[in-house]
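Any value given below was found using the heavy atoms of this structure, including those in side chains, with hydrogens, waters and symmetry copies removed.
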Amino acid sequence: MTLASSTAHRRAAARVPVAAPAPAPMQVGGILRAEQDRFWVDPGPGAEAVPLQRAASCLLVPRPGDTVGWIAAPADRPAGAAAGWIVFVLAHAPAAAPAPALLRFEGDMRLEVAGRWQAEMAALQVQAAEAALQLGEVRVGFRTLRAVGQLLQSTVNSTRWVGEEFCAVVQRWFQQGQSHHRHTEGLDQVQAGTLQLQAETLARIEAPTVLTDGAGLVKTRGAQIHFG
């Protein structure tokens, strides 16, 4: 072989593409047991259980007895690492007492929807240590609303209530404002153990008929008293 032919042979060999390692085949197995973030899967007859962890895309947490699809990790994985990843859950195992499915994501999560997001469900239960909402306009329609808490604080520019009946039962009621206007078409009745009205400049009662009735004592006191 001449020098030229040897050089050409080496160049041709260099141009031969190196085959990429074949991807790990997808396997199917059943979950034998689960401990925290590790799941032991039955790979088949005569083989030992394989410890796996959920892939980042597998948000549904498998349970013992579930059938899952998984792939094996590379042979050069770090010591103590799982032998593979659970990619998805194919089927849940039948249970005497059905348990709710669990979606879990480790760390923070953010959901972005370019269009409208609509959810329909039979019941909704949310539990969180803290919640914050920032919305432009809110419309809420409900048949019955019940709220139980220790403190309700609201700061708004304007509040309007329109309804057939308003009832408040409290131990103490405080109101403070620069001006107060109340209009009642029918009866405006106040029942109190002691009723005290105090004004800095003028207190006026005007009506076609004014009745003042005191079973024990009626007293009027002032520097000047005018009748008629």
Open item on the list: Quick check on Leu135: does its CG atom have over 12 non-hydrogen neighbours (other residues, nucleotides or ligands) under 6.0 Å away?
Closed with: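 Atom CG in Leu135 is packed in, count exceeds 12.
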Open item on the list: Taking CD1 in Ile205 as the centre, count heavy atoms belonging to other residues, nucleotides or ligands within less than 6.0 Å. Is the count above 12?
Closed with: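 Result for CD1/Ile205: open.
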Linking I/L/V/M/F/W/Y whenever their side-chain heavy atoms sit closer than 4.5 Å, directly or via other members, would [X] and [Y] fall into one cluster?
X: Trp70; Y: Val61; answer: yes
X: Phe105; Y: Trp117; answer: no
X: Leu145; Y: Val140; answer: yes

Task: From Leu102, Val89, Leu103, residue fulfilling side-chain contact (heavy atoms from CB on, under 4.5 Å) relative to Leu59 - done: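 For Leu59, the side-chain contact (heavy atoms from CB on, under 4.5 Å) check succeeds only for Leu103.
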Heavy atoms only: give me the nearest [X]-[Y] pair and the separation to one decimal.
X: Cys58; Y: Val87; value: CB-O, 3.4 Å
X: Arg33; Y: Pro64; value: CA-CG, 4.3 Å
X: Thr220; Y: Ile225; value: O-CD1, 3.7 Å
X: Ala72; Y: Gln27; value: CB-NE2, 4.4 Å
X: Trp85; Y: Arg54; value: CD1-O, 4.3 Å
X: Trp40; Y: Pro51; value: NE1-CB, 3.7 Å

Task: Separation of Ile86 CD1 from Ile71 CD1 (nearest 0.5 Å) - done: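 Between atom CD1 of Ile71 and atom CD1 of Ile86 there are 11.0 Å.
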- [ ] Working to the nearest 0.5 Å, report the span between CG of Asp37 and CZ of Arg104.
- [x]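 If I round to the nearest 0.5 Å, the distance is 9.0 Å.
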Task: Derivation of the side chain to side chain contact (heavy atoms under 4.5 Å, CB included) call for Leu90 and Val68 - done: CA-CA 5 Å; Leu90 294 172; Val68 299; 5.9 Å; no
- [ ] Give the C-alpha distance, both sets of side-chain angles, the deciding distance and a yes or no for side chain to side chain contact (heavy atoms under 4.5 Å, CB included) between Gln198 and Gln196.
- [x] CA-CA 7 Å; Gln198 183 177 355; Gln196 180 178 353; 3.7 Å; yes
Open item on the list: I'd like to know if the side chain of Asp66 reaches the main chain of Ala93, judged simply by a donor and an acceptor atom lying under 3.5 Å from each other, with no hydrogens or angles considered.
Closed with: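 It does hold such a pair.
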